[in-house]
Amino acid sequence: MIKLTKKNLFITLLVTVVILSIIVIQLASRVVTTNDYDELFILEPGFDGCVYIHYNQVGNEELQVTNDRIVYKVPADGRIYTSSTSNFGELGWHSIYVQYEDNPENRLDVSSSVKSGITGSGEKETRWYNFFNKNYSCVGL
């Protein structure tokens with residue numbers, strides 16, 4: 001059995017502090033490495049349905065960042081196909097905006113009211129959005 005001396009207590013405390021410091025630094029580095037990109041969805045006039053982003057779709061364009069925003073031009077059927085992965089941009093806390101292409105001056109911040117989620121995984125991963133809180137079931141693809 002280990003005898004509890006001041007030296008053993010000090011070493012135990014020192015090892016504990018070092019381990020906790022390493023854990024905190026690792027967690028902090030993950031927060032710092034997220035980007036401050038917002039998302040902007042440009043909708044066709046009258047669109048109020050669900051938006052689906054299908055990731056890992058070979059042969060489709062990658063997502064692009066413009067002015068610190070990931071900009072999505074949403075087609076009439078609400079489906080966007082991209083070769084980018086779902087962790088594109090490594091988004092942390094961010095804002096989500098929508099605007100209609102015929103009214104670019106009227107940009108709505110829907111960050112606090114948007115419903116969204118991810119279904120599938122890998123090549124079949126899809127993120128869905130319901131911006132206007134309609135009673136649409138966006139989950140069922």
Side-chain angles (χ1 to χ4, degrees), residues 1-2 4-141:
M1 198 149 124
I2 299 176
L4 286 178
T5 64
K6 286 184 180 181
K7 182 178 177 182
N8 288 345
L9 211 55
F10 176 75
I11 291 172
T12 303
L13 180 62
L14 183 63
V15 168
T16 303
V17 168
V18 168
I19 290 172
L20 288 175
S21 297
I22 291 170
I23 291 170
V24 167
I25 290 169
Q26 287 294 320
L27 291 174
S29 70
R30 290 176 189 229
V31 171
V32 172
T33 59
T34 59
N35 298 309
D36 289 331
Y37 299 141
D38 291 333
E39 291 182 288
L40 171 62
F41 292 83
I42 300 174
L43 309 175
E44 292 194 3
F47 183 89
D48 70 350
C50 301
V51 172
Y52 300 94
I53 304 173
H54 301 279
Y55 296 99
N56 305 308
Q57 303 299 306
V58 177
N60 289 283
E61 292 185 20
E62 289 188 2
L63 297 173
Q64 299 295 318
V65 175
T66 305
N67 297 326
D68 293 328
R69 289 192 177 105
I70 300 172
V71 180
Y72 307 95
K73 182 151 178 15
V74 180
D77 67 358
R79 295 183 183 276
I80 299 168
Y81 298 89
T82 179
S83 59
S84 297
T85 62
S86 63
N87 65 350
F88 177 85
E90 296 184 27
L91 298 172
W93 289 101
H94 66 286
S95 296
I96 300 173
Y97 299 94
V98 297
Q99 74 182 44
Y100 287 99
E101 65 183 1
D102 63 342
N103 192 0
E105 300 82 31
N106 189 14
R107 183 171 295 162
L108 305 172
D109 184 347
V110 295
S111 304
S112 62
S113 61
V114 65
K115 294 179 183 176
S116 66
I118 294 180
T119 60
S121 63
E123 292 180 19
K124 301 226 181 230
E125 193 163 5
T126 299
R127 184 179 308 254
W128 58 267
Y129 295 85
N130 182 342
F131 301 117
F132 304 107
N133 290 317
K134 303 282 183 168
N135 290 325
Y136 300 132
S137 176
C138 298
V139 180
L141 303 173

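Nothing here was measured: the structure is a model prediction, and the numbers come from that model. Side chains are part of it too, since the values below use all heavy atoms of this structure and drop only hydrogens, waters and symmetry mates.
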Whether the side chain of Y72 engages the backbone of L63 through a donor-acceptor N/O pair (distance < 3.5 Å, no angle test) should be reported.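 It does not hold such a pair.
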Determine whether a donor-acceptor pair (N or O, by modelled atom type, separation under 3.5 Å) exists between the side chain of S83 and the backbone of N60.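 Yes; judged by distance alone, with no hydrogens or angles, the pair exists.
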Please report the closest heavy-atom contact between [X] and [Y], naming both atoms and the distance.
{"X": "P75", "Y": "I80", "value": "CD-CG1, 4.0 Å"}
{"X": "Y37", "Y": "H94", "value": "O-CB, 3.0 Å"}
{"X": "S116", "Y": "Y129", "value": "CB-CD2, 3.8 Å"}

Answer yes or no: is there a side-chain heavy-atom contact under 4.5 Å between [X] and [Y]?
{"X": "I96", "Y": "F41", "answer": "yes"}
{"X": "L40", "Y": "Q99", "answer": "yes"}
{"X": "T119", "Y": "Y52", "answer": "no"}

Apply side chain to side chain contact (heavy atoms under 4.5 Å, CB included) to [X] and list each qualifying residue two or more places apart in sequence or on a separate chain.
{"X": "V15", "value": "I11, I19"}
{"X": "T85", "value": "N56, N87"}
{"X": "N67", "value": "none"}
{"X": "S21", "value": "V17"}

Does anything in residues 54-75 pair up under salt bridge (Lys or Arg N to Asp or Glu O under 4.0 Å), and if so which pairs, sequence neighbours excluded?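 Listed once each, the pairs are K73-E101.
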Pairs touching residues 102-111 that satisfy salt bridge (Lys or Arg N to Asp or Glu O under 4.0 Å), sequence neighbours left out: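 Counting only pairs at least two positions apart or across chains, no salt bridge (Lys or Arg N to Asp or Glu O under 4.0 Å) contact touches residues 102-111.
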Going from [atom1] on [X] to [atom2] on [Y], what distance comes out if it is rounded to the nearest 0.5 angstrom?
{"X": "Y100", "Y": "D48", "atom1": "OH", "atom2": "CG", "result": "6.0 Å"}
{"X": "T126", "Y": "H54", "atom1": "OG1", "atom2": "NE2", "result": "4.5 Å"}
{"X": "L108", "Y": "F131", "atom1": "CG", "atom2": "CZ", "result": "10.5 Å"}

